[in-house]
Protein chains: 2
Amino acid sequence: MSTADTPSASAGRKRADVRRNEQKLLDAAAAVFVRMGIDAPVREIAAESGLGMGTIYRHFPTRADLVVAVFRHQVDALAAAVDAAPTAGTPYEVLRQWVHQFVDFLVTKHGLAEALHSDQAGFESLHNEFVERLMPVLDQLLKASTAAGYTRSDVRAYDFMLAIGNLCIGVENFPDYQARRMIDLLLAGLARTAPASTGEEPEQP
Amino acid sequence: MSTADTPSASAGRKRADVRRNEQKLLDAAAAVFVRMGIDAPVREIAAESGLGMGTIYRHFPTRADLVVAVFRHQVDALAAAVDAAPTAGTPYEVLRQWVHQFVDFLVTKHGLAEALHSDQAGFESLHNEFVERLMPVLDQLLKASTAAGYTRSDVRAYDFMLAIGNLCIGVENFPDYQARRMIDLLLAGLARTAPASTGEEPEQP
DNA sequence: TTGAAAAGCGGAGCGACGCTCCGTATCGTG
DNA sequence: CACGATACGGAGCGTCGCTCCGCTTTTCAA
């Protein structure tokens with residue numbers, strides 16, 4: 001259940017209408033997600049697509065699977081962005097830029113950050129998808145920056161990734177909340193700093 | 001609608017059963033919240049209290065109001081903890097300790113951090129309660145630490161408080177996530193540091 | 001071309017949720 | 001005690017995610 005069981009994609013040849021409907025569903029879902037956010041009712045997507053709810057659930061066993069499918073391309077792009085590395089500076093700078101790309105992605109999908117860490121049943125697949133695809137990338141960036149001496153070595157990519165996602169929660173519900181500043185604060189904390197005055201490295205459980 | 005419209009508390013003299021039932025509801029809600037988390041169905045609380053749902057909603061117009069009422073004492077304690085200041089060290093250390101107390105509170109109430117930033121209708125009151133009671137405290141701690149030269153001055157208490165709450169989201173759903181470490185990372189980013197190598201103070205919008 | 005089996009589709013329906021509404025029970029005062 | 005004011009209870013409403021099965025469409029051998 002980890003490598004290849006994607007219900008979408010062009011697997012073995014299927015009936016023509018099946019492929020057509022799957023595309024219809026993805027398009028409709030994308031449109032509805034933009035209009036109403038990730039939490040839009042499934043019925044709404046059914047209406048938008050002109051198909052029935054049974055069809056949705058046959059293609060995507062749960063709402064989360066539909067969300068995953070809709071954003072898969074963009075997640076892939078994010079994972080690939082690390083290789084492109086257009087404006088490479090220090091490894092820390094590269095890391096920082098990737099993080100901000102990640103944030104850009106999260107905050108433009110209404111409710112995605114919230115859903116990523118939801119305890120709603122079925123949404124673990126969303127969480128898993130993101131972790132599996134993006135954590136290796138972040139881990140690589142982190143290790144590179146640490147190896148070059150720019151960042152501390154005691155931060156796990158997993159924690160850091162969830163933290164970034166978490167900090168994006170609420171951007172639209174609380175317009176006064178400046179998530180980006182807090183992301184920068186976290187990044188500043190990550191930077192290796194000449195530990196000056198007070199207690200650092202608090203290792204007590 | 002900001003100062004004194006608390007539906008609970010012992011306002012004007014009411015019928016005896018009303019006061020009795022309000023206490024029953026608070027007790028039942030507290031028990032159910034511990035057992036099933038903040039998101040427990042209202043019906044469950046009604047069952048636990050032995051009262052009807054109508055009674056709940058007459059006392060607390062929305063679920064969020066009930067949550068607020070249940071935790072009001074602990075929020076007050078948290079707000080007061082800053083004056084006690086038992087193990088005072090540097091202002092930064094005091095700030096850090098208070099933050100960790102706040103985190104202790106959040107992570108022991110299953111689902112509270114999530115609810116705090118939920119877009120669910122009616123939950124703004126929960127958010128507001130926390131902001132109104134605790135942000136002044138945090139602001140004071142922050143200003144003190146900054147004035148003493150321990151922390152940067154460009155971080156707003158509001159952002160910082162939401163960030164802390166956000167970082168606590170998912171602790172129980174994702175046991176591998178070490179929220180505390182990320183809180184410490186944020187605190188490290190807050191500390192005034194001899195800015196060494198790479199780009200800091202990113203002020204681009 | 002045809003016709004029946006295989007495959008897919010649609011939407012009524014289920015259980016759970018937050019919250020409302022109003023007939024009924026309880027309180028407390030004259 | 002009696003009666004008006006007050007509060008209670010829980011059936012019921014609208015909405016949600018998701019399921020189930022009778023019906024339609026596609027496919028392909030004859």
Side-chain angles (χ1 to χ4, degrees), chain A residues 7-8 10-26 28-29 32-33 36-70 111 114-115 118-126, chain B residues 7-8 10-26 28-29 32-33 36-70 111 114-115 118-126:
Chain A
S8 49
S10 54
R13 40 163 80 208
K14 316 191 221 175
R15 267 172 58 164
D17 52 349
V18 171
R19 254 198 310 260
R20 184 160 27 94
N21 284 339
E22 182 160 315
Q23 195 52 51
K24 268 197 216 169
L25 285 176
L26 286 173
V32 170
F33 287 163
M36 312 183 53
I38 298 289
D39 301 322
V42 175
R43 288 180 223 276
E44 184 74 19
I45 298 168
E48 172 86 18
S49 70
L51 299 172
M53 306 214 320
T55 306
I56 293 189
Y57 281 100
R58 199 165 320 98
H59 284 271
F60 308 99
T62 180
R63 268 190 60 243
D65 294 304
L66 179 53
V67 174
V68 166
V70 167
E114 284 84 347
S118 157
D119 55 347
Q120 303 277 10
F123 270 59
E124 316 89 29
S125 59
L126 223 186
Chain B
S8 45
S10 53
R13 37 161 84 207
K14 316 191 223 175
R15 266 171 59 165
D17 52 349
V18 170
R19 254 199 309 261
R20 184 159 30 92
N21 284 338
E22 182 160 317
Q23 195 55 51
K24 268 197 217 168
L25 285 176
L26 286 174
V32 169
F33 287 164
M36 313 183 52
I38 299 289
D39 300 322
V42 175
R43 283 165 166 83
E44 184 74 19
I45 297 168
E48 172 87 19
S49 70
L51 300 172
M53 306 213 321
T55 306
I56 293 189
Y57 281 100
R58 197 164 321 96
H59 284 271
F60 308 99
T62 180
R63 269 191 60 241
D65 294 304
L66 179 53
V67 173
V68 166
V70 166
E114 285 83 347
S118 159
D119 55 347
Q120 303 275 10
F123 270 60
E124 316 88 29
S125 59
L126 223 187

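Note that the structure is predicted; figures quoted are calculated from it, not measured. Per chain, numbering begins at 1; letters A, B, ... match sequence-line order.
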- Do the side-chain N or O atoms of B:Tyr57 get closer than 4.0 angstrom to the phosphate oxygens (OP1, OP2) of C:dT20?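 No, no such contact exists.
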- Message: Using a heavy-atom cut-off of 4.0 Å across all strands, would you classify B:Ala16 as base, sugar-phosphate, or nothing?
- Response: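 The residue B:Ala16 makes sugar-phosphate contact but no base contact.
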- Message: Base, sugar-phosphate or nothing for B:Ala64? Non-hydrogen atoms, less than 4.0 Å.
- Response: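 Nothing, no heavy atom under 4.0 Å.
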Protein-nucleotides 4-8 of chain C N/O pairs closer than 3.5 Å?
| residue | atom | partner | partner atom | Å |
| --- | --- | --- | --- | --- |
| C:dA7 | N3 | A:Arg15 | NH1 | 3.0 |

When the distance from [atom1] of [X] to [atom2] of [N] is rounded to whole Å, what number comes out?
{"X": "B:Arg19", "N": "D:dT6", "atom1": "CZ", "atom2": "C1'", "answer": "14 Å"}
{"X": "B:Phe60", "N": "D:dA7", "atom1": "CZ", "atom2": "C1'", "answer": "15 Å"}
{"X": "A:Asp39", "N": "D:dC18", "atom1": "CG", "atom2": "P", "answer": "12 Å"}
{"X": "A:Asp65", "N": "D:dG17", "atom1": "CG", "atom2": "C1'", "answer": "13 Å"}
{"X": "B:Arg63", "N": "C:dG18", "atom1": "CZ", "atom2": "C1'", "answer": "8 Å"}
{"X": "B:Met53", "N": "D:dA11", "atom1": "CE", "atom2": "C1'", "answer": "9 Å"}
{"X": "A:Ile56", "N": "D:dC20", "atom1": "CD1", "atom2": "P", "answer": "17 Å"}
{"X": "A:Lys24", "N": "C:dC9", "atom1": "NZ", "atom2": "C1'", "answer": "11 Å"}

Quick one: does [X]'s side chain have a donor or acceptor within less than 3.5 Å of a partner on [Y]'s backbone?
{"X": "A:Arg63", "Y": "A:Ile38", "value": "yes"}
{"X": "A:Asn21", "Y": "A:Val18", "value": "no"}
{"X": "A:Ser118", "Y": "A:Glu114", "value": "no"}

- Looking only at side-chain atoms of A:Thr62, point me to the closest of D:dC18, D:dC16, C:dC19.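 So the side chain of A:Thr62 is nearest to D:dC18.
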Protein-nucleotides 28-30 of chain D N/O pairs under 3.5 Å:
none

- Between the base of C:dG10 and the side chain of A:Arg43, is there a donor-acceptor distance below 3.5 Å?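 Such a pair does not exist between side chain and base.
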- Query: Going from CG on B:Leu66 to CG on B:Leu26, what distance comes out if it is rounded to the nearest 0.5 angstrom?
  - Reply: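 It is 6.5 Å, given to the nearest 0.5 Å.
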- Message: Heavy-atom nearest nucleotide on DNA chain D for A:Val42 versus A:Arg20: which residue maps closer to 5'?
- Response: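 Final value for this comparison: A:Val42.
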